[in-house]
K.L.:
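Sharing a structure below in structure tokens format, with a few things to ask.
Lettering follows sequence order; numbering is per chain, from 1.
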Amino acid sequence: MLNLGRQKLSKPSNLGSPMPQQDDQTPRVRTRFPPSPTGALHLGGARTALFNWLFARHHGGDFVFRLEDTDRQRSRDEHVESIVRAMHWLGLDWDEGPFYQSRRFDRYREAIEQMLAQDRAYWCHCPPERLQQVREAALASGGKPMYDGACREKGLGPADGAVVRFKGPRQGHTGWRDLVKGAISFDNAELDDLVIFRSDGSPTYHLAVVVDDVDMKITHVIRGDDHISNTPRQILLYQALDSATPQFGHVPMILGHDKTKLSKRHGATAVIAYQDMGYLPEAMLNALARLGWSHGDQEIFSRDELIALFNLESVGKGAAVFDPDKLLHLNAHWIQQSTPERLAAALPPFLAQRGIMAHDQATLLAAMPHLTPRAKTLLELADWAEPFLVEAVAFDPQARAKFLVPANAVVLQRVSEMVEGLGVADGAALEAGFKDLAAQLGLKLGGVAQPVRVALTGRAASPGIFEVMAILGGQRTLARLGRALEMTTSPGA
RNA sequence: GUCCCCAUCGUCUAGCCAGGUCCAGGACACCGGCCUUUCACGCCGGCGACACGGGUUCGAAUCCCGUUGGGGACGCCA
């Protein structure tokens, strides 16, 4: 069993001081994130979680985490674990929960009894086949596939295979002022009597969310706009339960590059996959926040800035397409902002992918500042770090064929002598020496630097050559120079 | 099909609510240049959009209507 107790991951600092001002008139802000554990946390869900979390943190309120697992067939523990892992990674900590709907069935049953007693719900004996027919008939005659209310006034009781339906109003309109979309209204005639209690004894989503949001005193429901059509039905349920409705904010969906609902066809959609690909959580948070929300022309936001600046008014109304390139760019930025220590701590898994199971930490730390401007992901960072961490460098065949040739033997020989004399600590002296040598040999600086670069790193691209030598140290520099010198005369091996 | 939502560069967006300062600004990507010992970083420049049609107005990206387009919902899934 996972430990899913009260979580306190990162304490959002109050730098920039968001405004946790709470007077006694306005109730404390409480938001929630209620995924159903039927799959991994995907980008859309993560953004919804982020917006709810930011809204709560901005207002100094509470963020509740709840698992909507009323569908026992599809809900799985492994998905709960992966969602929790993703939330942890992103640093979205919750104040209460996780609550499991599957453990609250008694409470839902109680609500249903109450509605039944007040004639706000009724038993329905219609078999699935009939429902299917009614839907098809409605569709055929150009209408909306809705339940026709056959059992509505029959006064039926429980029976095998029976369900309980909500007895909704047939006239009037149900609307609300949406926090992001503005006024929205539905004709109640468009709403049919939805099932709130299944024949297997479990409550349905609509009933469970409403009861939970009431019990958990949720004040703001921030969710994807694919829930807009559910909202009038839920508002009616709040009323049937004699409860006040929370405020609703429907944020636009995140689409794939072809502008359709995000799915596996669009590449990596599970947030946790980005951790494995070498992305930093701050980059993901930054990217997710900017998908739909904006603050003038600002593009870069730290977690604390997000908390200080986030508001629902600045959330756009149109759907957004997720752009992996922008995430990559943001990741490069946040890698550069990060500290060598933190990066080094996050690197082992990526190093391991390259077969490096152990390495010298001091060397890695020393190299880090020269590596970060070149890496857009931790995976790339590990790649750049490799030459500094392995005993014998792997030579890029092309680089070797081009630079470790007999004609360059003299270059390597002379540089070795130079290093023996000057050491590797004084970059300026080395540079002067390189220029001098280049002039003597009738070469440009690159003519000297490139063979040396390949000799020391095995590649044609690396940090500045004098930095490379300093990081490697005199001994290893000389050893690699020597080995490369041998290679210039034995092309095959 | 019915209902609901939406509509500024390829993408994310600012501007729209309180019409003129917008022949529309920023960012990513792309292209060119600079820097340079390589690759990056950085810097400079370029390409590139108000979906369409009416209306209101001296004036509309901004307000109104319509069209088109897109998305979502219509389950004993959430």
K.L.:
For A/Gly316, answer base if it contacts any base atom (sugar-phosphate contacts may also be present), sugar-phosphate if it contacts only those atoms, and nothing otherwise; contact means non-hydrogen atoms under 4.0 Å.
P.N.:
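Since no nucleic acid heavy atom lies under 4.0 Å of A/Gly316, the category is nothing.
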
K.L.:
Among B/rG25, B/rA78, B/rA40, which nucleotide has an atom closest to any side-chain atom of A/Arg374?
P.N.:
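For the A/Arg374 side chain, the nearest candidate turns out to be B/rA40.
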
K.L.:
Does A/Asn230 reach a base, just sugar-phosphate, or nothing at all? Heavy atoms under 4.0 Å.
P.N.:
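Answer is base: heavy atoms of A/Asn230 come under 4.0 Å of a base.
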
K.L.:
With a 4.0 Å cut-off on heavy atoms, is A/Gly142 in touch with a base, just the backbone sugar-phosphate, or nothing at all?
P.N.:
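Sugar-phosphate contact only.
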
K.L.:
Nearest to the A/Lys376 side chain among B/rU38, B/rC41, B/rG71, which nucleotide is it?
P.N.:
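Among B/rU38, B/rC41, B/rG71, the one nearest the side chain of A/Lys376 is B/rC41.
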
K.L.:
Identify whether any heavy atom of A/Glu431 sits under 4.0 Å from a base atom; if not, whether one sits that close to sugar-phosphate; answer base, sugar-phosphate or nothing.
P.N.:
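Nothing: the residue A/Glu431, judged by heavy atoms under 4.0 Å, touches no strand.
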
K.L.:
Give a yes or no on whether the ring-centroid distance for A/Phe197 and A/Tyr108 is below 6.0 angstrom.
P.N.:
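No, ring centres 6.0 Å or more apart.
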
K.L.:
Identify whether the distance between the nearest side-chain nitrogen and carboxylate oxygen of A/Glu380 and A/Arg374 falls below 4.0 Å.
P.N.:
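Looking at A/Arg374 together with A/Glu380, the answer is no, because their closest N to O distance does not fall below 4.0 Å.
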
K.L.:
Send over the distance from A/Asp187 CG to B/rC4 P, rounded to a whole Å.
P.N.:
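Taking atom P of B/rC4 as the reference, CG of A/Asp187 is at 8 Å.
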
K.L.:
Which listed nucleotide (B/rC6, B/rC5, B/rC28) is nearest to the side chain of A/Asp325?
P.N.:
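Among the listed nucleotides, the one closest to the side chain of A/Asp325 is B/rC28.
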
K.L.:
Between the side chains of A/Arg135 and A/Asp148, is the shortest nitrogen-to-carboxylate-oxygen separation below 4.0 Å, so that they form an ion pair?
P.N.:
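No salt bridge links A/Asp148 with A/Arg135.
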
K.L.:
What's the closest nucleotide to the side chain of A/Ala449 if the choices are B/rA27, B/rC5, B/rU37?
P.N.:
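Of the options given, the side chain of A/Ala449 lies nearest B/rU37.
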
K.L.:
Which nucleotide, if any, forms a Watson-Crick or G-U wobble pair with B/rU68, using both distances under 3.5 Å?
P.N.:
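When the pairing criteria are applied, B/rA7 turns out to be the nucleotide that pairs with B/rU68.
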
K.L.:
Does A/Arg66 pair with A/Asp213 as a salt bridge, N-O distance under 4.0 Å?
P.N.:
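A salt bridge is present here (some side-chain N lies under 4.0 Å from a carboxylate O).
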
K.L.:
How far does the C1' atom of B/rC65 sit from the matching atom of B/rU57, given to the nearest Å?
P.N.:
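Straight-line distance between the two C1' atoms is 16 Å.
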
K.L.:
Using the P atom as the point on both nucleotides, what is the distance between B/rC64 and B/rC22, in whole Å?
P.N.:
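My reading of the P atoms in B/rC22 and B/rC64 gives 23 Å.
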
K.L.:
Name the nucleic acid region contacted by A/Pro34, choosing base, sugar-phosphate or nothing; use a 4.0 angstrom heavy-atom cut-off, strictly under.
P.N.:
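The answer is nothing, as A/Pro34 stays clear of every strand by at least 4.0 Å.
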
K.L.:
Could you tell me whether A/Gly464 contacts a base, only the sugar-phosphate backbone, or nothing, with contacts defined as non-hydrogen atoms closer than 4.0 Å?
P.N.:
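If one applies the 4.0 Å heavy-atom cut-off, A/Gly464 turns out to touch a base.
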
K.L.:
Within the 4.0 Å heavy-atom criterion, would you say A/Leu139 contacts the bases, only the backbone, or no part of the nucleic acid?
P.N.:
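If one applies the 4.0 Å heavy-atom cut-off, A/Leu139 turns out to touch a base.
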
K.L.:
Between B/rA29, B/rC3, B/rC76, spot the one nearest the side chain of A/Lys144, thanks.
P.N.:
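Selected nucleotide: B/rC3.
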
K.L.:
Report yes if a side-chain nitrogen or oxygen of A/Thr70 is closer than 4.0 Å to either non-bridging phosphate oxygen (OP1 or OP2) of B/rA78; otherwise report no.
P.N.:
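Indeed, a polar side-chain atom of A/Thr70 lies that close.
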
K.L.:
Which whole-number value in Å describes the distance from A/His295 NE2 to B/rG25 C1'?
P.N.:
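Rounding to the nearest Å, NE2 of A/His295 and C1' of B/rG25 are 16 Å apart.
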
K.L.:
With a 6.0 Å cut-off on ring centres, are A/Phe310 and A/Phe51 close enough?
P.N.:
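Aromatic pair counts; centres sit under 6.0 Å.
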
K.L.:
Answer yes or no: does a side-chain N or O of A/Arg135 lie under 4.0 Å from OP1 or OP2 of B/rC76?
P.N.:
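Answer is yes, contact under 4.0 Å.
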
K.L.:
Write down the distance between CZ (A/Phe33) and C1' (B/rA78), rounded to a whole number of angstrom.
P.N.:
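A/Phe33 atom CZ is separated from B/rA78 atom C1' by 12 Å.
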
K.L.:
Within the 4.0 Å heavy-atom criterion, would you say A/Met253 contacts the bases, only the backbone, or no part of the nucleic acid?
P.N.:
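Sugar-phosphate contact only.
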
K.L.:
Among the nucleotides B/rA40, B/rC5, B/rG10, which one has an atom lying closest to any side-chain atom of A/Asp323?
P.N.:
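Nearest to the side chain of A/Asp323 among the choices is B/rG10.
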
K.L.:
Using a heavy-atom cut-off of 4.0 Å across all strands, would you classify A/Ile228 as base, sugar-phosphate, or nothing?
P.N.:
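Touches sugar-phosphate only.
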
K.L.:
Across the strands shown, which category fits A/Glu299 at heavy-atom distances under 4.0 angstrom: base, sugar-phosphate, nothing?
P.N.:
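The residue A/Glu299 makes base contact.
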
K.L.:
Roughly how many Å apart are B/rG53 and B/rC58, using the P atom of each and rounding to a whole number?
P.N.:
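22 Å, rounded to whole Å.
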
K.L.:
Has A/Ser294 got a side-chain N or O lying under 4.0 Å from the OP1 or OP2 atom of B/rA14?
P.N.:
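It does, given that an N or O in the side chain of A/Ser294 lies less than 4.0 Å from OP1 or OP2 of B/rA14.
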
K.L.:
Name the closest nucleotide to the A/Lys259 side chain, picking from B/rU38, B/rC5, B/rU11.
P.N.:
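Per side-chain heavy atoms of A/Lys259, the pick is B/rU11.
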
K.L.:
When you get a sec, tell me which of B/rC28, B/rU38, B/rU13 is the closest nucleotide to the side chain of A/Arg290?
P.N.:
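Of the options given, the side chain of A/Arg290 lies nearest B/rU13.
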
K.L.:
Using whole Å, what does the distance between atom P of nucleotide B/rG10 and atom CG of A/Asp258 come to?
P.N.:
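Result: 17 Å.
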
K.L.:
We want to know whether A/Thr488 and A/Asn408 form a side-chain donor-acceptor pair, criterion being a heavy-atom distance below 3.5 angstrom.
P.N.:
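Short answer, no.
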
K.L.:
Assign A/Val321 to base, sugar-phosphate, or nothing according to its heavy-atom contacts below 4.0 angstrom with the strands shown.
P.N.:
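Since only primed, P, OP1 and OP2 atoms lie under 4.0 Å of A/Val321, the category is sugar-phosphate.
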
K.L.:
Would you measure the distance from the C1' atom in B/rC74 across to the matching atom in B/rC30 and give it in whole Å?
P.N.:
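Their C1' atoms lie roughly 42 Å apart.
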
K.L.:
Starting at atom CZ of A/Phe166, determine the distance to atom P of B/rC76, rounded to an integer number of angstrom.
P.N.:
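About 16 Å, once rounded to whole Å.
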
K.L.:
Quick check for you: among B/rG26, B/rG1, B/rC5, whose closest atom lies nearest to any side-chain atom of A/Pro145?
P.N.:
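Nucleotide nearest to A/Pro145's side chain: B/rG1.
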
K.L.:
Of the candidate nucleotides B/rC12, B/rG26, B/rU37, which contains the atom at the shortest distance from the side chain of A/Ala320?
P.N.:
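Closest nucleotide among those given: B/rC12.
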
K.L.:
Compare the aromatic ring of A/His227 with the six-membered base ring of B/rA78 and state whether they stack according to the 5.5 Å and 30° rule.
P.N.:
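A/His227 ring centre within cut-off of B/rA78 base, planes near parallel; stacks.
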
K.L.:
Less than 4.0 angstrom from a charged side-chain N to a carboxylate O is my criterion; do A/Asp192 and A/Arg233 meet it?
P.N.:
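Yes, A/Asp192 and A/Arg233 are salt-bridged.
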
